[in-house]
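To start, the structure under review is shown below, and the notes come after it.
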Amino acid sequence: MQAKQYLRKIKRLDSFVRAKKEEIEEIRTRAESIGCMNLSADKIQTSVNTDKLANDIIKLVMQEKKYEAALNSLYAYKAEAEERIEGIENDDYKLLLTLRYLRFKTFEEIAVEMGFTFQWICELHKRALIQFEELYFR
């Protein structure tokens, strides 16, 4: 089903953006740490390895650029999907698809929020995807 694949891509893009953000934080932490000093050693090295620091800074800048590109891609894709969801006439379908694919809620959470049974939410989801697919993929 193309509709489901299309909408699931938002979650994959979101996960990719989060992973890039974690990579940036790891590199930043590594670059900002000065390491521990062994006070019992005869010689204490007080200078920072500038090559390692420079490499970490270069990696950080490169990862931040990749992060920004991924974030822009996520925002654009999410905006397009949101616009398409808004094009559906049935308000229950709109709300369900928004909660599921734009807010990443579980079917259980959606059932509680919408005041329906879990089984009915599953049926509504199926119908909403069919309508979404008919509107945009046929």
Side-chain angles (χ1 to χ4, degrees):
M1 179 178 277
Q2 286 183 350
K4 200 174 203 179
Q5 292 170 339
Y6 171 83
L7 292 167
R8 280 185 172 170
K9 187 174 177 182
I10 298 166
K11 181 69 172 167
R12 287 190 305 277
L13 287 171
D14 186 72
S15 295
F16 182 75
V17 166
R18 289 177 192 269
K20 285 291 170 202
K21 182 75 169 170
E22 288 175 12
E23 286 178 38
I24 289 170
E25 291 306 315
E26 288 173 13
I27 295 168
R28 182 173 282 126
T29 300
R30 194 172 54 239
E32 290 173 348
S33 70
I34 58 171
C36 68
M37 297 187 308
N38 183 356
L39 298 177
S40 64
D42 291 335
K43 294 183 180 179
I44 299 175
Q45 183 177 354
T46 57
S47 64
V48 177
N49 183 344
T50 55
D51 288 340
K52 184 184 175 312
L53 181 61
N55 288 338
D56 284 344
I57 291 171
I58 290 169
K59 285 179 192 174
L60 182 62
V61 170
M62 288 172 45
Q63 287 300 329
E64 285 177 341
K65 286 181 182 180
K66 290 178 184 178
Y67 171 76
E68 286 295 323
L71 191 60
N72 290 336
S73 177
L74 170 63
Y75 287 155
Y77 197 88
K78 202 171 184 178
E80 177 185 286
E82 189 170 14
E83 187 176 313
R84 286 182 171 191
I85 289 171
E86 285 297 318
I88 294 174
E89 289 181 24
N90 185 304
D91 289 337
D92 286 339
Y93 295 174
K94 276 192 238 189
L95 179 57
L96 191 151
L97 292 176
T98 298
L99 293 173
R100 180 70 177 164
Y101 295 104
L102 300 177
R103 305 293 174 256
F104 312 124
K105 295 201 176 204
T106 65
F107 286 123
E108 292 85 359
E109 293 170 324
I110 295 168
V112 169
E113 189 165 329
M114 291 181 71
F116 295 137
T117 65
F118 177 81
Q119 291 80 9
W120 184 240
I121 288 298
C122 291
E123 179 61 29
L124 276 178
H125 179 253
K126 190 184 320 178
R127 293 178 186 186
L129 287 177
I130 289 169
Q131 187 174 33
F132 189 92
E133 191 155 326
E134 286 173 354
L135 280 171
Y136 300 110
F137 297 106
R138 290 197 180 153

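Just so it is clear, the structure is predicted and the values come from calculations on it, not from any experiment. Side chains are part of it too, since the values below use all heavy atoms of this structure and drop only hydrogens, waters and symmetry mates.
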Exercise. Does some side-chain heavy atom of Lys4 sit less than 4.5 Å from a side-chain heavy atom of Glu133?
Worked result: no
Exercise. Taking it one step at a time, do Tyr101 and Arg8 satisfy side-chain contact (heavy atoms from CB on, under 4.5 Å)?
Worked result: CA-CA 7 Å; Tyr101 295 104; Arg8 280 185 172 170; 4.1 Å; yes
Exercise. Between the main-chain N or O of Thr106 and the side-chain N or O of Glu109, is there a donor-acceptor pair closer than 3.5 Å?
Worked result: yes
For this session: Calculate, to the nearest 0.5 Å, the distance between atoms NZ and CG belonging to Lys11 and Leu74 respectively.
Result: 11.0 Å
Exercise. Taking only residues two or more places apart in sequence, or in another chain, which ones meet Asp14 in a salt bridge (Lys or Arg N to Asp or Glu O under 4.0 Å)?
Worked result: Arg18
Exercise. Residues in side chain to side chain donor-acceptor pair (under 3.5 Å) with Glu26, at least two apart?
Worked result: none
Problem set entry | Atom pair NZ (Lys52) and CG (Asp56), whose distance is rounded to the nearest 0.5 Å | 4.0 Å
Exercise. CD of Glu32 to CD1 of Ile27: how many Å apart, nearest 0.5 Å?
Worked result: 12.0 Å
Exercise. Who are the side chain to side chain contact (heavy atoms under 4.5 Å, CB included) partners of Thr117, not counting sequence neighbours?
Worked result: Gln119, Trp120
Seminar exercise, completed: Taken in chain and number order and not counting sequence neighbours, the residues that satisfy ring pair (Phe, Tyr, Trp, His ring centres under 6.0 Å) with Phe132 are Tyr6, Tyr136
Exercise. Within a strict 4.5 Å, meaning less than it, do heavy atoms of the Leu129 and Leu7 side chains meet?
Worked result: yes
For this session: Could you pull out all residues at least two apart from Phe118 that satisfy ring pair (Phe, Tyr, Trp, His ring centres under 6.0 Å)?
Result: none
Exercise. Are Val112 and Phe116 co-members of a hydrophobic cluster defined by side-chain heavy atoms under 4.5 Å apart?
Worked result: no
Exercise. Does Ala70 have any side chain to side chain contact (heavy atoms under 4.5 Å, CB included) partners at least two apart in sequence or in another chain, and if so, which?
Worked result: Phe16, Val17
Compile the donor-acceptor pairs under 3.5 Å between side chains in residues 82-92 and protein atoms, sequence neighbours left out, one pair per line.
unit_1 : atom_1 : unit_2 : atom_2 : d
Asn90  : OD1    : Asp92  : N      : 2.8
Asn90  : OD1    : Tyr93  : N      : 3.0

For this session: Can you tell me which residue pairs pass the side chain to side chain donor-acceptor pair (under 3.5 Å) test with a partner in residues 63-78, sequence neighbours excluded?
Result: Lys20-Gln63, Arg28-Glu64
For this session: Report the hydrophobic cluster partners of Met62, with the cluster defined as I, L, V, M, F, W, Y residues connected by side-chain heavy atoms closer than 4.5 angstrom, directly or transitively.
Result: Ile58
Problem set entry | side chain to side chain donor-acceptor pair (under 3.5 Å) involving Glu123 - partner list, sequence neighbours excluded | Arg127
Exercise. Just how far is it from atom CE of Met114 to atom CG of Leu96, taken to the nearest 0.5 Å?
Worked result: 5.5 Å
Problem set entry | Residue pair Lys59 / Arg30, side-chain heavy-atom distance below 4.5 Å | yes
Problem set entry | Closest non-hydrogen atom pair, Ala81 against Ile10 | CB-CD1, 3.5 Å
Problem set entry | Within 45° cone of Phe107 ring axis and under 6.0 Å: Arg100 NZ or CZ | yes
Seminar exercise, completed: Smallest heavy-atom separation, Leu53 atom then Ala31 atom, equals CD1-O, 3.3 Å
Problem set entry | Interatomic spacing from CG in Leu60 to CD1 in Ile24 - rounded to 0.5 Å | 6.5 Å
For this session: Could I get the full list of side chain to side chain donor-acceptor pair (under 3.5 Å) partners for Lys105, not counting sequence neighbours?
Result: Glu113
For this session: Could you grab the distance from atom CD of Gln131 to atom NZ of Lys126, nearest 0.5 Å is fine?
Result: 15.5 Å
